[in-house]
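Heads up, the thing below is written out as C-alpha cells.
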2 protein chains.
Amino acid sequence: MEHPMATLRLQIKIGKDTRIGHGKIGLLEEIEKTGSISAAARTVGMTYRRGWELIDQMNRAFGRPVVTGTTGGLGGAEVTALGRDIVAHFRSIEAKVLHIATVDLREIEALVETPEESATPQG
Amino acid sequence: MEHPMATLRLQIKIGKDTRIGHGKIGLLEEIEKTGSISAAARTVGMTYRRGWELIDQMNRAFGRPVVTGTTGGLGGAEVTALGRDIVAHFRSIEAKVLHIATVDLREIEALVETPEESATPQG
C-alpha cells in the first residue's frame, strides 16, 4: 500500500467571516468557461442554490459582484474583472506555495504508518 | 474604515478524510505547553470532547498516537515525537508560505470595496 498522499489546501480569509478556497475558486473558473451558474455548479458537484450562495458570499465580502447577469439563473452569467482577479491571485499563491511545500509534504507523508509497516510479521 | 484583512489559512490533507489546520496544530502546541488535554482544549476554546476527537482523527490518520497518556483525561498528556514533527512541518510550511503570499494578499485586500469607497457623497 502506498502512503496516503499529504496535500496542501489553501483558504484566503477575508475579514472574519468569508473563506475563499478551492470550492469557490473552482466554481468561478467553471462559470468563466461555461457562462452559466447552473452548468458550473453541476460540474463541480454542487446544487445551483449552493453555487449561488457561494457567489453571494463573495459579492458581500468584496462589496461588489464577482459574477453578473445572474438574476433568476436564466441567461448567461459572466465572471467580472473582480472575480477574475480573485481567481488569478488564488492560483498565483497556490502555484508558489505548492512548490515550496513539496519537501515538507513528502516528509509528512513518510510519517504515516501504513498497515503493512505496523503489521506484525505472520508465521 | 480599514480594508478587511485578507489572510491565508493552510490545511494539510492526509488521504481523503483528514484535514490538519490551525485548530489541530494549536491544540497540539497547547498540550505540549500544558501537559493536559483539558487545559489545552480550554485555551483554544474547545470542549475536552472536541479536543479528544481532533487528537483521535490525527492518531487514526497517522496510524499511531500524536499524544500519549490520555486515557480518561486524567493525569498528564504528552505530545509524541510524531506529534511534534507534524507541528514542526506545519509551521515550517506556514512560515514560508506567509512570506511569499504577502504581495498577493495585499492585492486581494485592495480589491475589497469598503463602505466609504462605495458610498455616494452626501449633500
Side-chain angles (χ1 to χ4, degrees), chain A residues 2-22 58-66 80-119, chain B residues 2-22 58-66 80-119:
Chain A
E2 286 186 19
H3 283 289
M5 281 287 286
T7 51
L8 195 63
R9 293 182 66 86
L10 302 179
Q11 287 183 327
I12 294 168
K13 219 174 144 191
I14 308 290
K16 285 185 186 172
D17 298 323
T18 308
R19 292 180 183 198
I20 296 177
H22 294 262
M58 288 187 278
N59 290 350
R60 288 166 187 271
F62 284 92
R64 51 208 174 97
V66 296
T80 63
L82 169 64
R84 287 195 300 273
D85 280 351
I86 294 168
V87 170
H89 283 299
F90 185 90
R91 293 301 185 197
S92 160
I93 293 173
E94 186 181 48
K96 295 179 211 163
V97 160
L98 291 187
H99 182 68
I100 59 164
T102 305
V103 171
D104 282 294
L105 290 174
R106 291 300 81 77
E107 287 176 11
I108 290 169
E109 264 173 32
L111 295 173
V112 178
E113 188 152 296
T114 57
E116 272 121 35
E117 287 169 6
S118 60
Chain B
E2 286 185 21
H3 283 287
M5 282 288 285
T7 50
L8 195 63
R9 293 181 67 85
L10 302 180
Q11 287 183 327
I12 294 167
K13 220 172 143 191
I14 307 291
K16 284 185 186 172
D17 298 324
T18 309
R19 294 179 182 200
I20 297 177
H22 293 264
M58 289 187 280
N59 290 350
R60 288 167 187 269
F62 284 92
R64 51 208 175 99
V66 297
T80 63
L82 168 65
R84 287 195 299 273
D85 279 350
I86 294 167
V87 170
H89 283 298
F90 185 91
R91 292 302 184 197
S92 160
I93 294 173
E94 187 181 48
K96 295 179 211 163
V97 162
L98 292 186
H99 182 67
I100 60 163
T102 305
V103 171
D104 282 295
L105 290 174
R106 292 299 81 76
E107 287 176 10
I108 290 169
E109 263 173 31
L111 295 173
V112 178
E113 188 152 292
T114 58
E116 272 122 32
E117 287 167 1
S118 59

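A, B, ... follow the sequence lines: proteins, then strands. Residue 1 opens every chain.
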Could you pull out every donor-acceptor pair under 3.5 Å between side chains of residues 96-103 of chain A and any protein atom, sequence neighbours left out?
from   : atom 1 : to     : atom 2 : distance (Å)
A:K96  : NZ     : B:D104 : OD2    : 2.8
A:T102 : OG1    : A:L98  : O      : 2.7
A:T102 : OG1    : A:H99  : O      : 3.2

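- Counting non-hydrogen atoms of other residues, nucleotides and ligands closer than 6.0 Å to CZ of A:R84 gives a total above 12.
- Nearest heavy atom pair, residue B:L111 against residue A:R64, reads O-NH2, 2.8 Å.
- Interatomic distance, A:I12 CD1 to B:L8 CG, rounded to the nearest 0.5 Å: 6.5 Å.
- Of all the heavy atoms in A:V112 and B:A61, the pair that sits closest is CG1-O, 3.4 Å.
- For A:R9, the side-chain contact (heavy atoms from CB on, under 4.5 Å) partners two or more places apart in sequence, or in a different chain, are A:H22, B:Q11, B:K13, B:R19.
- Taken to the nearest 0.5 Å, the CD1 atom of B:I14 stands 6.0 Å off from the CD1 atom of A:I108.
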